[in-house]
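What follows is one structure encoded as structure tokens, with my remarks underneath.
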Amino acid sequence: MFIKKTLFVMMAALSFNATAEEVWVTGNVQSKCVVTQDTVGVFGNPSPSKLSTDPTDGGVDPIVRFDVVQASFYKARIVHPNDFSEAPALNDVVNWTGATSVAQVSDASMSAYDTSKVEFENVTEVDLTIAGSTWFKVESEADYGFSKALPAGQYRAMMTAECIAI
């Protein structure tokens with residue numbers, strides 16, 4: 001009798017259709033690191049074959065500010081130009097150089113970012129290990145050909161600055 005009741009209960013359980021429902025769980029994460037353009041870069045033209053953001057060459061170095069709310073969760077990635085986004089037709093090579101350095105800080109300890117940065121190709125990466133604001137200056141220079149004058153016209157190049165979660 002016990003076996004019959006157990007078998008009946010098992011058969012009854014199998015005859016009911018079980019259903020499941022998927023329920024979404026959503027969220028929105030806002031970065032605790034913000035990048036702001038502080039100073040627009042401008043090329044100076046100190047010689048017929050050279051464009052430079054260096055103030056001694058008549059240029060203006062672009063400056064970007066990184067505001068970090070929580071330390072050690074982000075790194076700054078800054079890329080100085082290595083090509084023109086707009087330029088007259090150029091029929092020779094353009095040699096690019098550039099550098100990124102700390103221009104101003106909200107905490108004196110952030111000045112160590114200049115010695116701890118990692119540089120490769122035209123990229124500079126800095127682990128943002130201190131909460132606060134850091135201003136980075138980005139220098140760039142474009143030398144055209146070998147003793148060739150740059151054609152007249154508008155020249156633009158793009159640098160990028162981003163916070164990357166680590």
Side-chain angles (χ1 to χ4, degrees), residues 26-146 148-166:
T26 63
N28 185 19
V29 175
Q30 294 183 351
S31 178
K32 304 292 188 250
C33 179
V34 177
V35 182
T36 307
Q37 179 180 341
D38 190 66
T39 304
V40 175
V42 177
F43 283 121
N45 186 211
S47 73
S49 64
K50 180 178 169 182
L51 291 173
S52 171
T53 61
D54 190 331
T56 62
D57 291 336
V60 176
D61 290 322
I63 297 176
V64 290
R65 185 182 78 225
F66 285 76
D67 297 314
V68 178
V69 176
Q70 288 187 294
S72 300
F73 283 90
Y74 300 93
K75 72 177 168 182
R77 177 177 287 156
I78 302 166
V79 181
H80 65 267
N82 66 356
D83 198 5
F84 290 114
S85 55
E86 179 183 333
L90 301 172
N91 59 10
D92 206 339
V93 119
V94 178
N95 295 305
W96 288 87
T97 56
T100 298
S101 59
V102 173
Q104 185 179 342
V105 294
S106 64
D107 182 317
S109 301
M110 294 171 170
S111 60
Y113 289 166
D114 265 340
T115 56
S116 66
K117 65 186 174 185
V118 176
E119 298 173 296
F120 55 96
E121 297 172 357
N122 62 324
V123 178
T124 300
E125 291 184 346
V126 178
D127 288 337
L128 301 171
T129 56
I130 302 166
S133 298
T134 309
W135 289 259
F136 290 97
K137 174 178 69 169
V138 183
E139 301 171 358
S140 62
E141 183 178 299
D143 290 306
Y144 183 57
F146 180 72
K148 281 192 164 185
L150 287 158
Q154 179 74 36
Y155 288 81
R156 290 181 193 214
M158 186 68 65
M159 60 141 308
T160 59
E162 62 181 323
C163 267
I164 298 174
I166 53 175

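Predicted model only: the values in this text are computed from it and were never measured. Worth knowing before you read on, the calculation uses all heavy atoms, side chains too, and leaves out hydrogens, waters and symmetry mates.
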Let me confirm one number: the [atom1]-[atom2] distance from [X] to [Y], rounded to the nearest 0.5 Å.
X: K75; Y: E125; atom1: NZ; atom2: CD; answer: 3.5 Å
X: N122; Y: N82; atom1: CG; atom2: CG; answer: 4.0 Å
X: D38; Y: I63; atom1: CG; atom2: CD1; answer: 6.0 Å
X: D61; Y: E139; atom1: CG; atom2: CD; answer: 5.0 Å
X: T134; Y: M110; atom1: OG1; atom2: CE; answer: 4.0 Å

Exercise. Is a side-chain N or O of S106 found less than 3.5 angstrom from the main chain of S133, in a donor-acceptor match?
Worked result: yes
For this session: Kindly say whether S109 contributes a backbone atom to a donor-acceptor pair with the side chain of D107 at under 3.5 angstrom?
Result: yes
Check whether any side-chain heavy atom of [X] sits under 4.5 Å from a side-chain heavy atom of [Y], and report yes or no.
X: I78; Y: V138; answer: yes
X: C33; Y: L128; answer: yes
X: T100; Y: K137; answer: no
X: T36; Y: V64; answer: no
X: T53; Y: P62; answer: yes

For this session: Applying salt bridge (Lys or Arg N to Asp or Glu O under 4.0 Å), name anything that partners K117, two or more places apart in sequence or on another chain.
Result: D114, E119
Problem set entry | Contacts of type salt bridge (Lys or Arg N to Asp or Glu O under 4.0 Å), residue K50, not counting sequence neighbours | D57, E141
Side-chain donor-acceptor contacts of residues 153-166 below 3.5 Å, not counting sequence neighbours, with atom names and distances?
residue: Y155; atom: OH; partner: P151; partner atom: O; Å: 2.6
residue: R156; atom: NE; partner: E86; partner atom: OE1; Å: 3.3

For this session: Would you please test D92 and K148 for salt bridge (Lys or Arg N to Asp or Glu O under 4.0 Å) and show each step?
Result: CA-CA 9 Å; D92 206 339; K148 281 192 164 185; 3.4 Å; yes
For this session: Step by step, work out the side chain to side chain donor-acceptor pair (under 3.5 Å) result for D54 and S52.
Result: CA-CA 5 Å; D54 190 331; S52 171; 5.0 Å; no
Sequence neighbours excluded - ring-ring contact (aromatic ring centres under 6.0 Å, His included) pairs with any residue from [range]:
range: residues 105-131; value: none
range: residues 42-83; value: F66-F136
range: residues 89-112; value: F84-W96

